[in-house]
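Below you'll find the structure, written out as structure tokens, and then a few comments.
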Amino acid sequence: MTKILICEKIDPICPEMFRAAGFEVEVSPGLEPERLRAAVAGCEGLVVRSAVRVTAELMDAADRLKVVGRAGAGLDTIDVEAARARGITVLNTPGQNAGAVAELVLGLMLALTRRLVPAHVALAAGRWEKNRLSGFGFELGGKTLGLVGFGAVGRRVAALVRGFDMEILVHDPLVADGEVTAAGARPSGLTELLAAADFLSLHLPLTSGTRNLISREVIFSGLKPGAVLINCARGGLVDEAALAEALAEGRLAGAGLDVFEKEPPSADNPLLALENVVVTPHLGASTAESQVNVARSIAGQMIEHLK
Ligand SMILES: NC(=O)c1ccc[n+]([C@@H]2O[C@H](COP(=O)([O-])OP(=O)(O)OC[C@H]3O[C@@H](n4cnc5c(N)ncnc54)[C@H](O)[C@@H]3O)[C@@H](O)[C@H]2O)c1
């Protein structure tokens, strides 16, 4: 019987679909590396999310592995080259969590422009800091939003902000200008976008070519002073130390971060101590709807592939 290992927490629809298709399923989240290698031996399919790294070593422990399915968008946790070399297919679920990520982007933007987190923390502690906090508010309306990456999430963000009356600039070398303008945005070179954006939101994959895209030099010399950076894509896209310095000295107005170079970030990461930063623990895809969407999508694709 075809066997599937699901080694991270996932909506129950995923194992149900595999069982209904006649597969044997083991659901074992949180295995130590050695036990994971033992569990994957003999499996034809492996389902992962964000935590388990699918390395060449793990694949070598899986002598019958035919397909790795990532219930999520990016593939940076999977050694895709090593999979290809071993004849293992890698599947993922692009777009299935785009709505969830895009809504978090909007939430972070609004939390930053109105200082919602410090306002809540102060009032919950009994401090009515109206005078101190009212000096910080600003509006999205009339501002420029720069989107780097215009795939499923970037497009959804553009659709959502339309009601805020923002100008939208898009940089995505793989998307035709006509698609950008049809979405009510303006195609842009990267340098021009970085210099013009009041809000910069990243929606591109982390690859060797995009790592450190928002480098120290970009942060201090390329971005518009007073800009707000939103990163719900991947931590490695941004130089975190430089970002923290720029935020601390007020060169940038704020940052909303769902992802970090190292997750979880160390307790002494300076970004965690700044009042003009809102952080979330990689929650972009964590809505009830998107959990079901990715679980159903990856099971459906893997069943089709294995049958
Ligand atoms: N925070 C989360 O929980 C969460 C959830 C989903 C996705 N993500 C991240 O968000 C990213 C975007 O997700 P998506 O579903 O829109 O992916 P997608 O594949 O639909 O879109 C990515 C877009 O980035 C573009 N791109 C690639 N290289 C680029 C470059 N150098 N400059 C500009 N654009 C470039 C591609 O052409 C593509 O249009 C993913 O790669 C993933 O890392 C995070």
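When reading the values below, keep in mind they use all heavy atoms of this one structure, side chains included, and skip hydrogens, waters and symmetry mates. Every number for a ligand or one of its atoms is a count from 1 in the order of the listing.
Each of the atoms 37 (O) of ligand 1 lies under 4.0 Å from some heavy atom of L174. Ligand 1 places these atoms under 4.0 Å from at least one heavy atom of G149: 24 (O), 33 (C), 34 (N). Per-residue contacts place H171 under 4.0 angstrom from the following atoms of ligand 1 (heavy atoms of the residue considered): 32 (N), 33 (C), 34 (N). Within ligand 1, counting atoms from 1 as listed, the ones closer than 4.0 Å to a heavy atom of F150 are 39 (O). Here is the list of ligand 1 atoms found below 4.0 Å of a heavy atom in T210: 31 (N).
Ion pairing between R216 and E245 holds under the 4.0 Å rule for side-chain N and carboxylate O. Ion pair D60/R86 flagged as a salt bridge, since at least one NZ, NE, NH1 or NH2 atom sits closer than 4.0 Å to an Asp/Glu carboxylate oxygen. A salt bridge does not link E44 with K3: every distance from a Lys NZ or Arg NE/NH1/NH2 to an Asp or Glu carboxylate oxygen is 4.0 Å or more. With respect to the salt-bridge test (charged N to carboxylate O, under 4.0 angstrom), the residues E81 and R84 qualify. Salt bridge absent: R115 and E129 never bring a charged side-chain N and a carboxylate O closer than 4.0 Å. For E167 and R186, the salt-bridge test passes: some basic side-chain N is under 4.0 Å from an acidic carboxylate O. Salt bridge status for R37 with E57: present, with a side-chain N to carboxylate O gap under 4.0 Å.
Under 4.0 angstrom from ligand 1, the non-hydrogen atoms of D258 all belong to its side chain. In H203, the part holding a heavy atom less than 4.0 Å from any atom of ligand 1 is the backbone. Contact annotation: for L204 versus ligand 1, heavy atoms closer than 4.0 Å belong to both the backbone and the side chain.
Within the 4.5 Å cutoff, the side chain of V47 has no heavy atoms near those of the E8 side chain.
Below 3.5 Å of separation, one finds no N or O of G74 facing any N or O of ligand 1. Taking any N or O of G154, backbone or side chain, none lies under 3.5 Å from an N or O belonging to ligand 1. For the pair V175 and ligand 1, the shortest N or O to N or O distance does not fall below 3.5 Å.
Within the structure, ligand 1 lacks P94 among the residues with a heavy atom less than 4.0 angstrom away. Residue contact check for ligand 1: A285 places a non-hydrogen atom closer than 4.0 Å to it.
The nearest protein atom to atom 42 (C) of ligand 1, hydrogens excluded, is given as R234 NH1, 3.8 Å; this is a heavy-atom distance. Closest to atom 21 (O) of ligand 1, if we only count protein heavy atoms, is G151 CA, 3.2 Å. Of all protein heavy atoms, the one closest to atom 3 (O) of ligand 1 is H282 CD2, 3.2 Å. For atom 44 (C) of ligand 1, the closest non-hydrogen atom of the protein is C232 O, 3.1 Å. The nearest heavy-atom contact from the protein to atom 27 (C) of ligand 1 is P205 CD, 3.5 Å. If you check which protein heavy atom lies closest to atom 7 (C) of ligand 1, you get A73 CB, 3.6 Å. In this structure, atom 20 (O) of ligand 1 lies nearest to the protein heavy atom A152 N, 2.9 Å. Counting protein heavy atoms only, atom 15 (O) of ligand 1 is closest to V153 CG2, 3.6 Å.
Side chains of T280 and H282: a donor-acceptor N/O pair is absent below 3.5 angstrom, by distance only.
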Would R49 and T77 count as a side-chain hydrogen bond (donor to acceptor under 3.5 Å, both in side chains) here? Give the steps. CA-CA 9 Å; R49 304 211 55 191; T77 50; over 6 Å; no

Under the criterion side-chain hydrogen bond (donor to acceptor under 3.5 Å, both in side chains), I'd like the reasoning laid out for Q291 against T287: C-alpha separation, chi angles, the key distance, then a yes or no. CA-CA 6 Å; Q291 295 305 302; T287 62; 5.9 Å; no

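With distances taken over non-hydrogen atoms, the option nearest atom 23 (C) of ligand 1 out of V101, D172, V170, D76 is D172.
Of the residues listed (N231, L160, V161, V157), the one engaging V105 in a side chain to side chain contact (heavy atoms under 4.5 Å, CB included) is V157, and it is the only one.
There is a protein heavy atom closer than 4.0 angstrom to atom 31 (N) of ligand 1. Remark: atom 17 (O) of ligand 1 lies closer than 4.0 Å to no protein heavy atom.
Within 6.0 Å of atom CD in E249, more than 12 heavy atoms from other residues, nucleotides or ligands are found, so the atom counts as buried in its surroundings.
Cluster partners of V40, using a side-chain heavy-atom cutoff of under 4.5 Å among ILVMFWY residues and allowing indirect links, are L5, L31, L36, L46, V48, V52, V54, L58, M59, L65, V68, L75, I78, V80, I88, V90.
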